[in-house]
Each structure stands twice: as structure tokens, then as C-alpha cells.
Amino acid sequence: MKHDFNTIESKWQAKWDEAKLFEAKDFSDKPKYYTLVEFPYPSGHGMHVGHIKAYSGLEVVSRKRRMQGYNVLFPIGFDAFGLPTENSAIKFGVHPRVLTDENIEKFTSQLKRVGFSFDWSRVVDTTEEDYYRWTQWIFCKMFDAGLAFRDKTLVNYCPHCKVVLSNEDSQGGKCDICHNDVVQKSKDVWYLRITQYADKLLQGLDKVDYLPMVRQQQENWIGKSTGAFVNFKIKEVDETLRIYTTRPDTLFGVTFMVIAPEHPLLDTYADRVANMDAVLAYRNECAKKTEFERTQLVKDKTGLKIEGLTAVHPITGKEIPVFISDYVMMGYGTGAIMAVPAHDGRDYDFAKKFGIDIIPVIEGGDIETEAYTGDGNMINSDFLNGLTDKKSAIARMLEELAKLGVGEAGVQFKMKDWAFNRQRYWGEPIPIVHCPTCGMVHIPYEELPLRLPKVENFEPGEGGESPLAKIESFVNCKCPKCGGDAKRETDTMPQWAGSSWYFLRYIDPNNTMSLADEAKLKYWLPVDWYNGGMEHVTRHMIYSRFWHKFLYDLGVVPCDEPYAKRTAQGLILGANGVKMSKSLGNVVDSNDVVDSYGADVLRTYVLFMGDYEQAAPWSDSSVKGCKRFIERFAALTDMLTETVSPELEASLHRTIKKVTDDIESMKFNTAIAAMMALINEIYAAGGIDKASLMTLAKLLCPFAPHICEEVWAELGGNGFCSAAEWPVCDESKTKVSSVEIAVQISGKLKGKIVIPAEATEDEAFAAVMADETLGALLASKQIIKKIYVKGRLFNVVAK
RNA sequence: GCCGGUGUGAUGGAAUGGCAGACGUGACGGACUCAAAAUCCGUUGGUAGCGAUACCGUGUGGGUUCAAGUCCCACCACCGGCACCA
């Protein structure tokens with residue numbers, strides 16, 4: 001058979017559609033399996049081969065699971081709110097709704113051409129009212145629970161995109177969208193109190209099966225540290241300065257205190273500070289720096305002593321000077337630290353610069369040259385002296401602090417609350433009304449969704465306010481509580497909102513009564529296997545786990561972790577080895593590959609090109625290898641034999657085992673290589689019997705389903721190959737009668753012999769000695785040791 | 001700075017401590033062809049040799065072992081995450 005992909009691919013896609021072959025059944029006697037891939041953002045550029053690789057992994061798993069008798073939910077949708085669409089809308093003067101619909105249509109046709117076995121009856125689009133109604137519903141629930149709140153604060157603002165960015169979206173001081181510098185700006189901002197779930201998000205990682213790298217990145221992001229809070233009295237006024245430290249064991253080494261420039265102590269006691277002018281000047285200087293600049297100046301410490309406020313050591317009663325410096329952040333801990341220069345690098349740098357005492361309290365290291373952060377015997381530390389390790393010193397100190405009532409154990413997280421608003425049009429409107437009498441009130445649940453109004457001009461205002469602020473009919477409204485005149489919130493939600501719960505909507509996409517039916521959620525959840533990009537591990541994944549845990553606490557979802565397993569695929573790089581991008585012109589469009597080689601070849605190649613989890617460059621010439629493979633497979637229908645040799649049958653069963661196992665560990669490249677090797681063997685044997693070829697078609701079907709259906713039909717198979725039963729390896733048939741083993745003499749490879757597979761050590765050794773060259777080599781030597789690894793090698797240690 | 005990952009032919013990449021380089025690309029040779037493409041068959045880590053063969057070879061340097069790409073110790077390079085986080 002010829003590989004006529006143009007005809008057969010559309011033919012089988014139509015037949016699958018007609019048979020509703022890939023539609024998941026709610027409730028079924030079969031075991032359920034929920035495979036999830038990250039839904040795409042439908043940009044105007046269409047899909048490149050990287051998208052195809054991202055979906056092909058779980059596509060193969062899903063198809064295999066169905067053949068193994070599972071009821072599989074493998075859905076797809078579109079994460080369609082977002083800035084690029086809005087920017088194109090501004091550029092071309094077309095409404096984002098229109099652009100979004102066009103792009104979704106383009107993406108859908110591209111995905112369908114590849115023959116993915118998505119359940120197309122469950123498509124969700126985050127920009128549809130039926131969908132964002134429930135995104136708003138969840139927001140209102142969070143508002144009711146006190147988890148959504150508004151606060152005036154310094155924010156990361158991108159002057160180019162005219163949006164406020166979360167810390168996550170402005171890493172390295174650059175806007176995540178346009179990569180320009182962000183600046184600090186004071187603004188009223190919506191926050192979601194994700195920090196309240198920090199511990200749960202961390203502990204939940206114990207219950208799930210994430211790639212170790214994914215888990216580690218989430219742990220880093222949450223950034224839990226354990227330590228202690230300690231209260232230092234201020235000598236001059238009736239006030240305590242509360243600090244957080246991870247090293248309470250070094251409390252006797254404190255020689256100064258440092259507070260952040262924004263610390264409220266300065267405002268409260270401004271009149272007691274002798275050098276307040278200088279302090280204020282320093283504070284202003286710091287305010288001008290961006291967060292990025294502040295964290296960049298690692299080496300050179302700045303700051304000054306606050307004259308007139310002195311701390312008192314809670315145990316020794318010694319007086320300790322207080323400094324202000326921007327190496328202490330207001331946003332972490334209490335915004336104040338106890339400085340132990342002998343055992344902390346930053347404190348050491350500061351003490352050296354300002355000539356402050358450095359008192360070692362742990363033996364080891366040389367404080368003349370640098371801070372010592374290692375373990376050792378406690379010294380200069382009163383009741384801690386003689387203790388030899390950090391752990392017991394900390395425990396003893398915490399005991400003492402509790403006794404004196406001046407401190408206690410505590411934990412801190414690096415994770416900050418989630419800045420949850422954007423001043424743009426193409427997003428979910430935040431369903432809140434600002435009422436002069438009632439304050440902030442959310443729109444009643446039964447009145448959701450709060451629809452995005454039609455506007456003509458999507459440009460944000462100069463002050464960075466949302467385009468919605470210009471629509472009087474939208475802004476002016478009545479308070480849902482008191483009925484008085486009120487104003488609507490005009491900010492919209494960030495793009496992460498819609499993607500935080502989409503996997504729930506797939507379970508029941510048309511429900512008008514709730515975000516999804518309870519029984520269906522109970523049936524399908526959790527997602528059994530979620531695959532996506534590494535770039536979404538710390539943002540999307542943490543956000544959606546947070547929402548899910550919140551919904552669990554509300555009783556809406558039946559489990560507290562949404563994703564049982566998470567893996568990540570590597571990027572496809574351009575042919576030049578760098579990331580694909582439009583500006584570099586190295587993007588490979590999936591349609592172009594399907595046009596020239598067909599979907600089966602594209603699908604096979606993206607999985608064959610390398611380790612699924614590693615990045616690999618696209619190669620036009622390498623695609624040909626997969627093309628030849630598919631063609632050689634198709635041509636097997638013209639090479640049918642009546643019988644099959646035991647050797648070939650053994651290879652077939654070994655291939656069944658290899659492919660079955662490799663799919664589970666995402667080693668798609670070696671699974672395909674095994675099938676290629678089998679086909680090479682069939683060619684060498686001159687052909688194969690029909691039954692074996694049908695088995696091979698089933699094995700290849702998850703990878704290259706169209707040609708497998710065609711071959712299956714040609715051979716007279718019942719129904720669809722895609723619906724056939726997954727082959728099982730018969731171990732007894734993989735046994736071969738004789739094997740070639742390597743022979744080493746003293747660990748060096750000296751030859752090979754063919755012996756019965758089940759030969760004993762003595763039989764194998766006899767065969768070695770019987771071999772002409774090997775026997776001659778060993779004849780004059782004294783044999784010290786014999787090592788026989790069945791089926792592998794025989795090593796004779798001799799001298 | 002801390003944490004993680006990676007390092008193998010010309011090239012993408014394979015190898016439960018057991019024959020390094022599976023499978024694919026490329027290159028070379030052959031068959032078919034007037035010819036080319038396609039296809040099929042074969043060769044292809046390096047050095048020396050006509051050859052059998054010998055020696056070398058998985059980022060670097062040590063070590064464990066009958067046997068190391070794989071395990072241990074020290075280091076180098078690149079990639080990713082976190083980062084004056086107290």
C-alpha cells in the first residue's frame with residue numbers, strides 16, 4: 001500500500017468524528033482516565049510544531065489508554081483572553097471578539113488536521129460568557145471569604161503595556177509581555193490572598209506525583225523558612241522592635257539591628273530621631289530605585305544609623321544600635337532584622353563598612369576575612385556554650401525565649417499575595433461595585449455574568465486606567481445592596497484567571513446551574529496526568545492549585561489536589577538551535593509539515609526527535625526518516641507471508657513490551673525506534689504474516705493513527721484500529737534458543753560466542769574454551785575468576 | 001550565592017554497573033535507471049596496519065569494581081529555577 005496521506009487522513013478523521021470515537025462518557029463501567037494538556041492561547045500566528053509536540057505526548061497515552069479499555073477524557077479548549085489579541089485589535093481596528101473567533105477557528109482546523117483524539121464536544125473558551133460567568137463566581141466566593149481584597153501599594157507597572165504586573169510577571173525587572181523595564185508606582189490593586197494557602201500548597205506536594213524539577217520549582221517559589229520571631233525593646237520609647245530570624249541560635253552575636261526604609265517605626269517616632277532629615281533623604285533615595293535595582297546592588301551596602309532609637313538585647317540587656325538600610329525588605333518577615341555579622345554574609349559586609357563589632361558565637365571559620373555560616377561549637381553565648389550543633393542550640397534558645405516571653409518559633413514564606421487585576425479591556429470584568437455607603441459589594445451570584453461592554457476604543461487611559469473606565473453606562477450603576485448610585489470596578493482579571501479552573505469545566509462544559517455537576521466532578525477528578533511546559537510550573541500551576549484548594553474548602557470539588565501527576569515536555573528549537581520566534585524567522589508551522597508529509601509523519605517525528613522532556617532542534621532532513629518509516633510500514637501490506645518465524649515473532653513480542661513500557665515513561669523516541677528496528681527486521685526476513693502485522697498496526701496506532709486504520713481496514717480488521725484491544729506481550733514467545741554473548745578476558749572484550757540462551761556457567765565456559773582464538777588466548781594462562789552474566793557476557797579473569 | 005538539570009560520533013540522540021554509539025539524519029559504496037530523484041542492499045567513532053589485529057575513546061582529574069557513560073570524591077562548561085528572603 002502507498003502512503004497516500006492526503007486521501008486517507010481526512011477520510012479517517014471524518015470517520016472517527018462520525019463514530020464519536022473519542023467522546024468521553026460521563027459515568028461508565030470502564031475505569032476513567034483524565035489526561036490534560038495545557039490549552040493554547042489562540043494567537044493570530046497559528047500553531048507551530050512546538051504545540052504539536054506538547055499535545056502529542058498525552059495524545060499517545062490517551063489513545064493507548066482507550067485501547068486498554070479506559071474511559072478517557074482528553075479535552076481541549078482555548079485560553080483566549082489576553083493582551084496580544086487586544087493589541088492586534090487596537091492595531092487593526094477589529095474587535096477582540098472577532099479576532100478571537102477567527103484565531104480559535106484557525107487553531108481548531110490546525111489541531112484537527114493533525115488527527116488528535118480530543119473530545120471536541122467539550123471545548124471551552126475562557127472568553128465566552130457561559131465560561132467567565134463562573135470565573136467571576138469563583139472571584140465573588142473569594143471576596144466573600146476575604147481572600148480577594150484591595151490595597152494601595154507600590155506595584156510593578158509597565159509603561160509600555162500600561163498594565164500593573166504581578167511579581168511573577170515582572171521577573172528581573174522586565175515586563176513578561178513586552179520585555180521593557182517596569183517601574184514602581186503607587187496604585188490601588190486587587191489581591192488574592194494566596195499566602196493563606198502557602199502551607200497547604202507546600203504540603204500538598206507530598207500527595208502528588210510531579211516531575212522532581214516541577215516540585216522543586218514550586219517549593220522554591222513558595223519559599224518556606226522556619227525560624228523565630230524575637231522582640232527587642234526600644235530603650236527611649238515604650239515600643240518593641242519585632243524581628244524574624246532563621247538563626248535564633250546566634251542571638252548572642254547580635255551587634256546591630258537593621259530596619260527596612262519603609263518600616264513604620266520611623267513614622268511613629270519621627271520626633272525622637274535626631275537625624276530624621278538624613279533618614280528621610282535616604283528613604284526617598286530608596287523609593288526611587290525599582291525592586292530590581294535594589295536587589296541588584298548586592299555588594300555595596302548603603303544605610304545609616306538612626307540616632308535616638310536604641311534596641312535592647314532581650315537576654316543580655318545590652319544596648320544595640322539600630323540602622324536603616326535597603327538590604328532589608330519591608331515585604332518579608334517583619335521588615336526588621338537582628339544583624340549577626342560574624343555568621344551572615346550581608347550583615348558582615350554592612351558591619352565592615354560601618355565599623356561595627358563582629359562577635360563570633362560559633363567556632364570555626366575566620367571572621368577576619370568572612371562570615372562563618374557553618375556549624376560548630378557555641379561560644380560567647382551564655383547558656384548555649386558547649387552545645388555543638390545548630391539544631392540543639394536553636395531548640396535551647398527557643399525554650400529560653402519562651403520562658404522570658406520575648407519570642408517564639410515562626411515560619412515565613414517568600415510567596416507574596418497575587419496581584420489580581422489588569423487595566424485592560426480583553427479580560428474578565430471584576431464583578432465588584434464601589435458604593436459610597438456600603439463600600440465594595442460584589443454583584444449578586446444570580447446576576448452573573450457581568451458582561452464586557454462593547455466599546456470602540458480599547459486603548460488604556462494615560463494614567464493607566466482600564467478602557468472600561470471611559471464607558472459611562474458601564475461605570476455608573478446602582479449598588480446591589482442599598483440601591484444607591486455607585487460605580488463599577490473597571491479593572492479586569494489577569495490572564496491567569498481563566499486557566500485556573502478550566503480543567504473543571506471540561507467535565508461539564510454546558511452546565512448553567514453550577515461550574516460543573518458534583519457527581520461528574522466526583523467521577524472524573526482528579527486529573528490523572530497533566531502535561532505542559534516548564535514555564536507554567538510556578539505561575540499557572542500554583543494559581544490553579546490555590547483555586548482548587550479554595551473550591552475544595554468550599555465543598556465544590558471532591559479532592560484537594562487537582563493534578564495527580566505532572567510532566568513537562570521540552571521545547572522544539574528552531575533549526576539553528578535557538579528558541580523558535582517570529583522575529584528570528586525560524587518558526588515551523590504545523591500546516592506546512594502536514595502539507596508535505598502528512599499528519600502521521602509530523603506526529604511521529606515530534607516524538608522521535610529526542611527525549612520528550614528535553615529541548616531539541618527541528619531538522620527538515622530528519623523528518624524524512626519518519627516519512628520513510630511510515631511508508632515502509634504501509635508497504636508491508638504487499639509483503640504478507642503465510643507464516644512467521646519464531647525469531648520474528650520473538651521480536652514482535654519484545655517490541656510490544658518495549659512500546660507498552662516506553663509510553664508510560666514518555667520515552668516515545670525509543671518506542672518508535674523499536675518499531676523501526678522491527679520493520680527493518682521484517683524487510684530482512686522478506687515479509688510478515690497478517691496477524692502479526694495487525695498487532696504492529698495496533699502498536700503504532702497511537703503515534704500514526706491514520707495509516708494504521710488504513711492498514712487495519714486493508715487487512716480486514718473489525719471496526720477501528722483505534723478501538724481495537726491493545727496488544728499484550730507473551731513472555732514465552734520472547735524467549736530465543738541461542739544468544740550471542742561477549743567474552744572478556746580480564747575485563748577486555750576479546751570475542752563473541754553463540755551459546756544456548758539457557759546455558760549454565762560451565763557450559764558457557766566450555767564454549768569459550770572451545771572457541772579457537774579465545775581458547776588459544778587462555779591456554780597458557782592461569783584462570784583466577786569466572787563471571788557469567790546470562791545472555792550478556794562471560795568474563796574470564798586470568799593472568 | 002543556594003537548588004536542580006545537562007555534557008556521548010559529522011549530527012538528533014540510545015544504553016536495569018555487563019559488547020558504548022540502538023534508531024534516525026548526513027556521508028560513502030553498490031543495485032535499479034539513458035540519467036537524476038525515489039527505492040532497495042551494504043559501510044560509516046578515532047589512530048596505526050594490506051590484513052588478522054592492536055591501542056585510544058562518553059566534559060576534566062582522581063577513586064571503587066572482574067567490569068564504569070552509569071557508582072563515589074573533586075573540578076570545568078552550559079541551561080533552568082530562586083535570590084540582600086534575614
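Below, chain A is the first sequence line, B the second, and so on; all start at residue 1.
B:A86: no Watson-Crick or G-U partner with both key distances under 3.5 Å is found in any strand. B:C40 and B:G30 make up a base pair, with Watson-Crick or G-U wobble contacts both under 3.5 Å. Within the shown strands, B:U25 is the pairing partner of B:A10 under the Watson-Crick or G-U definition, both distances less than 3.5 Å. Across all strands shown, B:U64 forms no Watson-Crick or G-U wobble pair with both key distances under 3.5 Å. Under the Watson-Crick or G-U wobble criterion, with both distances below 3.5 Å, B:G4 is paired with B:C79. Figure legend. B:A52 is base-paired to no nucleotide; pairs are counted as Watson-Crick or G-U wobble with both atom distances under 3.5 Å. In this structure B:G57 sits in no base pair that meets the Watson-Crick or G-U test at under 3.5 Å.
When rounded to the nearest whole Å, the span between OH of A:Y605 and P of B:G13 equals 9 Å. Regarding A:D620, its CG atom lies at a distance of 16 Å from the P atom of B:G12, rounded to whole Å. Atom CG of A:L774 is separated from atom P of B:C19 by 17 Å (rounded to the nearest Å). Whole-Å rounding puts the A:N669 CG to B:A14 P distance at 5 Å. Atom CZ in A:F629 sits roughly 20 Å away from atom C1' in B:A38 (whole-Å rounding). Atom-to-atom, CG of A:L607 to P of B:A14 comes out at 13 Å; the value is rounded to the nearest Å. Rounded to whole Å, the distance from CG on A:D326 to P on B:C84 is 11 Å. Residue A:K667 contributes atom NZ, which lies 17 Å from atom P of B:A22 at whole-angstrom precision.
The base of B:C82 does not come close enough to the side chain of A:N220 for any donor and acceptor atom to sit less than 3.5 Å apart. Checked by distance alone, A:K786 brings no side-chain donor or acceptor within 3.5 Å of a matching partner on the base of B:C66. In this model, a side-chain donor or acceptor of A:K752 finds a partner on the base of B:C19 within 3.5 Å.
A donor atom on one side chain and an acceptor atom on the other are found under 3.5 Å apart for A:T773 and A:D771. When only modelled atom types and interatomic distance are considered, A:Y605 and A:S56 share no side-chain donor-acceptor pair under 3.5 Å.
The phosphate of B:A86 has OP1 or OP2 within less than 4.0 Å of a side-chain N or O from A:S225. Between A:K301 and B:A86, a side-chain N or O to OP1/OP2 separation shorter than 4.0 Å is absent. Contact check, A:R628 against B:U25: a side-chain N or O comes under 4.0 Å of OP1 or OP2. In this structure, A:R792 does not reach the B:U16 phosphate: none of its side-chain N or O atoms is under 4.0 Å from OP1 or OP2. Checking the phosphate oxygens (OP1, OP2) of B:A86, no side-chain nitrogen or oxygen of A:Y244 falls inside 4.0 Å.
Base contact: A:N795 has a heavy atom under 4.0 Å from a base atom. Across all strands shown, A:T246 has heavy atoms under 4.0 Å from sugar-phosphate atoms exclusively, and none from any base. Using a 4.0 Å heavy-atom criterion, one finds that A:E740 contacts the bases of the nucleic acid, with or without backbone contacts as well. Residue contacts shown for A:K790 are absent, as no nucleic acid heavy atom lies under 4.0 Å away. Using a 4.0 Å heavy-atom distance criterion, A:Q744 is classed as a base contact.
Outside the 6.0 Å centre-distance limit, the rings of A:F608 and A:F668 are not counted as a close aromatic pair. The six-membered or imidazole ring of A:F354 lies near that of A:F323, with a centre-to-centre distance under 6.0 Å.
A:R566 and A:G533 get closest at one heavy-atom pair: NH2-O, 2.9 Å. Between A:I367 and A:P360, the closest heavy-atom pair is CD1-CD, 3.7 Å.
Taking the six-membered ring for Trp and thresholds of 30 and 60 degrees, A:H3 and A:F5 have ring planes inclined between 30 and 60 degrees apart. Note on ring orientation: taking the six-membered ring where Trp is involved, the planes of A:F229 and A:Y244 are tilted (angle from 30° to 60°).
Between B:G18 and B:U39, the two C1' atoms lie 39 Å apart (nearest whole Å). Taking atom P on both B:G5 and B:A54, the two are 40 Å apart, rounded to the nearest angstrom. Rounded to the nearest Å, the gap between the P atom of B:U44 and that of B:A38 is 23 Å. Taking the C1' atom of each, B:A67 and B:U16 are spaced 16 Å apart, rounded to whole Å. Atom name P, nucleotides B:G45 and B:A52: the rounded distance is 14 Å, in whole Å. Here the separation of B:G26 from B:C32, taken at their P atoms, is 23 Å to the nearest Å. Taking the C1' atom of each, B:C76 and B:U43 are spaced 37 Å apart, rounded to whole Å. Across B:U33 and B:A22, the matching C1' atoms stand 34 Å from one another, rounded to whole Å.
Considering only side-chain atoms of A:L793, the nucleotide from B:A22, B:C66, B:C19 that sits closest is B:C19. Across B:C23, B:A86, B:G5, the shortest atom-to-atom separation from the side chain of A:N680 is found for B:C23. In the set B:A54, B:U39, B:G12, B:U39 carries the atom at the smallest distance from any side-chain atom of A:E631. Of the candidate nucleotides B:C41, B:C66, B:C3, B:C41 has the atom nearest to the side chain of A:Y683. Counting only heavy atoms from C-beta on, A:S621 has its side chain closest to B:G26 among B:G18, B:G80, B:G26. You'll find that the side chain of A:A616 is closest to B:G12, out of B:G12, B:C23, B:A54. Comparing B:C3, B:C40, B:C66 against the side chain of A:R632 picks out B:C40 as the nearest.
A residue-by-residue look at A:K748 and A:A742 shows that A:A742 has its nearest nucleotide of RNA chain B further toward the 5' end. For A:A615 and A:L777, each mapped to the nucleotide of RNA chain B holding its nearest heavy atom, the one lying further toward the 5' end belongs to A:A615.
Cation-pi check for A:K301 over A:Y327 is met; the charged atom lies under 6.0 angstrom from the ring centroid and within 45 degrees of its normal.
Against the 90° criterion about 0, the sugar-base torsion of B:G9 places it in the syn range.
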